[in-house]
Amino acid sequence: MHIDGHCHCGAIAYEAEIDPDKVGICHCTDCQHLTGSAYRVTVSVPKADFRITAGAPKTYTKTGDNGRTRYQMFCGACGSPIYTTGIGEDAGEVGIRWGNITQRRALAPNHQIWCSSAANWFGERDALPGRERD
Ligand SMILES: [Zn+2]
Ligand SMILES: [Zn+2]
């Protein structure tokens with residue numbers, strides 16, 4: 001599936017060929033800190049199938065709880081997370097952040113990781129009163 005996306009301000013843009021079954025939720029504490037939210041949704045894609053088409057993301061390097069070095073790529077102007085990649089065997093894979101993908105409504109997660117640090121209310125969202133807008 002062909003996708004494209006851009007950060008909130010539009011300085012960074014990209015496109016990719018993705019497998020819609022490679023969409024996952026991460027509940028790790030790094031994702032909570034880096035998003036300011038309860039969890040992160042990411043689409044994994046081989047690096048060869050991902051291409052930046054505008055701008056140059058900034059890099060924040062972090063060693064995860066599993067000991068792996070992660071490069072967190074983000075827009076230096078608006079702060080939007082763009083993608084992640086790593087070193088060694090992780091360098092061949094890119095994790096595209098769901099929220100900036102134009103076609104994101106067609107991409108539903110089918111697995112989740114780091115459930116040990118998930119917000120204790122995760123999964124109860126459907127029981128909350130909801131409104132279509134704010
Ligand atoms: Zn931006
Ligand atoms: Zn995570």
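Fair warning: this is a prediction, and the values are worked out from it, not measured in the lab. Whatever order the structure lists ligands and atoms in, that order sets their numbers, starting from 1.
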ask   = Between Thr63 (side chain) and Arg68 (backbone), is there a donor-acceptor pair under 3.5 Å?
value = no
Short side-chain to backbone donor-acceptor contact, Trp98 and Arg104, under 3.5 Å = yes
Under 2.8 Å: N/O/S of His8 next to the Zn ion (ligand 1) = no
inquiry  = I need the SG(Cys9)-the Zn ion (ligand 1)-SG(Cys7) angle, rounded to 10 degrees.
reply    = 110°
ask   = Just by distance, do the side chain of Asn100 and the backbone of Gly5 share a donor-acceptor pair under 3.5 Å?
value = no
Asp30 side, atom CG; Lys62 side, atom NZ - distance, nearest 0.5 Å = 4.0 Å
query = Would you find a donor on one side and an acceptor on the other, under 3.5 Å apart, between the side chain of Gln32 and the backbone of Ala38?
reply = yes
At the Zn ion (ligand 2): angle between Cys31 atom SG and Cys26 atom SG, to 10 degrees = 120°
query = Is His6 close enough to the Zn ion (ligand 1) to have an N, O or S atom under 2.8 Å?
reply = no
message = Just checking: His27, one of its N/O/S atoms, less than 2.8 Å away from the Zn ion (ligand 2), yes or no?
response = no
